[in-house]
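Worksheet for the structure shown next.
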Amino acid sequence: MNNILSLANQLRGGQLQSFAGPVLIIMILSMMVLPLPPFVLDVLFTFNIALAVIVLLVSLYSRDALEFSVFPTVLLITTLLRLSLNVASTRVVLMHGHTGPDAAGKVIEAFGHFLVGGNYTVGIVVFIILVVINFVVITKGAGRIAEVSARFTLDAIPGKQMAIDADLNAGLIREDEARQRRKQVSQEADFYGSMDGASKFVRGDAIAGILIMLITVIGGLIVGVMQHDLNIGDAAKNYTLLTIGDGLVAQIPALIISTAAGLVVSRVSTEEDLGQQFVQQLTYRPQVLWLAAGILGALGLVPGMPHFVFLLLAGLIGALAYHQSSQAASPAENPDEAEMVTTEGLDASWEDVVQVDTIGLEVGYRLIPLVDKQRQGDLLKRINGIRKKFAQEIGFLPPVVHIRDNLELRPNSYSITMKGSVIGQGEAYSGMHLAINPGQVTMALPGNSTQDPAFGLPAVWIETEQREVAQTSGYTVVDASTVVTTHLNHLIRMHASELLGREELQKLLDHLGKRSPKLADDLIPKLLPLATVQKILQHLLEEGVNIRDMRTIIDTLTEYAGRTQDVIELLALVRVALGRAIAEQCFPSGAEMQVMSLHPELESILMQVVQSDPMAGGIEPGLADTLTRETTSAVQRVEQLGLPAVLVVPDVMRLLLSRFLRRSLPQLRVLAHAEIPDSRKIKFISIIGGNKK
């Protein structure tokens, strides 16, 4: 009793859908062995036609193949349903075909009489034509497309995964969105692989339809003549018409399902359904419609041609062309024209003083669609994403990026500014993709060769149609919005220290005060002014140290601010307190720290420099050249091993070497011995200097 109640509760809780699949399969298999009355056959044949129409409409309105990911299974089920109906109807035809044309139900009778006029010769011809269309044209083409799509989808998986990882690392997407996109890539491969195999079901169904028809006709003649004493003419008429009706009522849904399969595998995924794509792309260019109307009109004037039909269609297409031309000529904003503002009679005021933007992005007029939401532009959303990830990883919220168009820029150019000065420029092409060569591509691509504006890697601008080929060849393919946002993300991280102004620091402290109200109050302004704290945080950001752990920073400053107000000394103490986090940034997951060190002789010479000039202003030119050359060589060797470039030096000379080497080797991290936690193991893999001085 409890089991029955539990089952009832499951059914009421929405579990009924889970029973639909097993019940349907069992019913289909049962039709092959259980005799069915004619009325039930009528219902099932009608259901088969309705199911085929539903599948076709769903495939037409799907915007992406994965919206109908169950389609390969639907192909199998519908094919099995048609074959089961063929078996059941064949049984009825052979057993009761001698009684008349309605022996197998009204549906088969209608298809055998009304559709082919009761002429079984015409019926046979129509049936064979439908089978040829289904088998030779639609099914074969859809199967080939599915096969090629499956192969290219599988080949493109590594490139798509690299693109997802690049977007995630650039802060354009979150981890959950990256996980969803990886899942979608896997589903695409599974779908097209399944479609490649499922198309064989439809081809087999077409072949089975021909064989079933021949077997049923021959069997009907034998049964009618030998068992029911019909003459050969009556037997041929009865059984052949019933068989043709049975074949047509099965082949028409098969043709519809095959058409749906071709539509699903041959379409290109967009935000529009197939009907919208069809209408918009065929009527997009008015000149094509004008030309087609002119050709039809000329043919309609040829003597002997059906003038009314040709001229009517020419007029309709011409009207459509006129409508499209009118829409294209409607007033639109011209990017080359600027609004003229009359300022005569207006006095100058302080309102005329415009503050420069902390971060600005200026774009040429052809890049305006990237920021226009009405044109599906997603640049604003992506920029908000990188600001959010910057705040999560660096420790403070950067200023808002102000975007404006600049008619002085080239149409496809953009410029990134900071406090009114240009810090980066590049070009992007809306509607195209940038294929970046990470160093292991298998072929060259045609297109506009360039460099990735963020990291300087060789790249080429390609059309959207070449994206799959580029990903298969090992390129990292990104769209125009990703190019701009990746460049912007790289630059704001490089200039993070400049972005931490007084306003941003005060907002950071206010945010921290919501959780720990007394933490900052004990330090600012009682022990240190806000400007000193700002300088210390900016020094940390300059050397790539995030400031997420503000509690440790403020605790350390509060502890030592009573002893010294010197920024350099306080900075060194804060770095020691953040040592575990700094080591984790360089070598995550507790890995062994494989670092570089100075040769004792070189270290001794630099120690003398520090003692004579602690602010790093007096390295002798010959020594400076040697130090730069030896360090550059060591960094290259370490990077070839796939390791981060980290130099560990005595505490007193860390700031000297960090400032001196930062300009020529921005990727080098200089750590002091005291900053490395006792729990981390150190291995020196390169010694800089040797006997060279």
For this session: Would you check if there is a donor-acceptor pair between the side chains of Arg366 and Ser430 at a distance under 3.5 Å?
Result: no
For this session: Just do the salt bridge (charged side-chain N to carboxylate O under 4.0 Å, His left out) check on Glu393 and Arg548 with the steps written out, would you?
Result: CA-CA 7 Å; Glu393 295 182 353; Arg548 292 185 300 171; over 6 Å; no
For this session: May I ask you to check whether over 12 heavy atoms, not counting those of Gln440, lie within 6.0 Å of atom CD?
Result: no
Problem set entry | Polar side chain donor-acceptor pair, Ser633 to Arg637, under 3.5 angstrom | yes
For this session: Supply the atom-to-atom distance Leu434 CG to Tyr475 OH, rounded to the nearest 0.5 angstrom.
Result: 11.0 Å
For this session: Taking atom types as modelled, find out whether Glu498 and Gln538 have a side-chain donor-acceptor pair closer than 3.5 angstrom.
Result: no
Exercise. Hey, are the side chains of Leu671 and Leu647 touching, using non-hydrogen atoms and a 4.5 Å cut-off?
Worked result: no
Problem set entry | Verdict with supporting geometry, Leu657 and Thr631, side chain to side chain contact (heavy atoms under 4.5 Å, CB included) | CA-CA 11 Å; Leu657 293 180; Thr631 306; over 6 Å; no
Exercise. In Å, rounded to the nearest 0.5 Å, how long is the span from CE of Met418 to CG of Leu499?
Worked result: 4.0 Å
Problem set entry | Side-chain donor or acceptor of Thr632 paired with backbone N/O of Thr628 under 3.5 Å | yes
Problem set entry | Within 6.0 angstrom of Arg662 CZ, more than 12 heavy atoms from elsewhere | yes
Exercise. Nearest 0.5 Å, what's the CG-NZ distance between Asn384 and Lys389?
Worked result: 15.5 Å
Exercise. Do the ring centers of Tyr414 and His487 come within less than 6.0 Å of each other?
Worked result: yes
Exercise. Roughly how far apart are Gln466 CD and Thr472 OG1, rounded to 0.5 Å?
Worked result: 12.0 Å
Exercise. Do other residues, nucleotides or ligands put more than 12 heavy atoms under 6.0 Å from Glu408 CD?
Worked result: no
Problem set entry | Under 3.5 Å: donor-acceptor pair, side chain of Gln585, backbone of Gly544 | yes
Problem set entry | Carboxylate-amine/guanidinium contact Glu569 Arg563, below 4.0 Å | no
For this session: State whether a side-chain donor-acceptor pair under 3.5 Å links Asn489 with Thr486.
Result: no
Exercise. Are Asp357 and Arg404 within salt-bridge range, i.e. N to O under 4.0 Å?
Worked result: yes
Exercise. Does any non-hydrogen side-chain atom of Val609 lie less than 4.5 Å from one of Glu620?
Worked result: no
Exercise. Given Glu592 and Lys681, is the salt bridge (charged side-chain N to carboxylate O under 4.0 Å, His left out) satisfied, shown in steps?
Worked result: CA-CA 5 Å; Glu592 181 182 57; Lys681 295 181 179 180; over 6 Å; no
Problem set entry | Basic-acidic side-chain contact under 4.0 Å: Arg680, Glu584 | yes
Exercise. In Å and rounded to the nearest 0.5 Å, what is the CG to CD1 distance from Leu508 to Ile547?
Worked result: 5.5 Å
Exercise. If every non-hydrogen atom of Leu527 is compared with every non-hydrogen atom of Ala561, which pair is closest and at what distance?
Worked result: CB-CB, 3.8 Å
Problem set entry | Asp452 side chain vs Phe455 backbone, donor-acceptor pair below 3.5 Å | yes
For this session: Identify whether the distance between the nearest side-chain nitrogen and carboxylate oxygen of Arg575 and Asp651 falls below 4.0 Å.
Result: no
Problem set entry | Test item: Thr464 side-chain N/O and Gly431 main-chain N/O as donor-acceptor pair under 3.5 Å | yes
Exercise. Are side-chain N/O atoms of Glu543 and Ser658 paired as donor and acceptor at under 3.5 Å?
Worked result: yes
Exercise. Under 3.5 Å, is there a donor-acceptor pair between the Glu362 and Ser415 side chains?
Worked result: no
Exercise. Counting only heavy atoms not in His402, do more than 12 sit closer than 6.0 Å to its NE2 atom?
Worked result: yes
Exercise. In Å and rounded to the nearest 0.5 Å, what is the CD to CG distance from Gln667 to Leu661?
Worked result: 10.5 Å
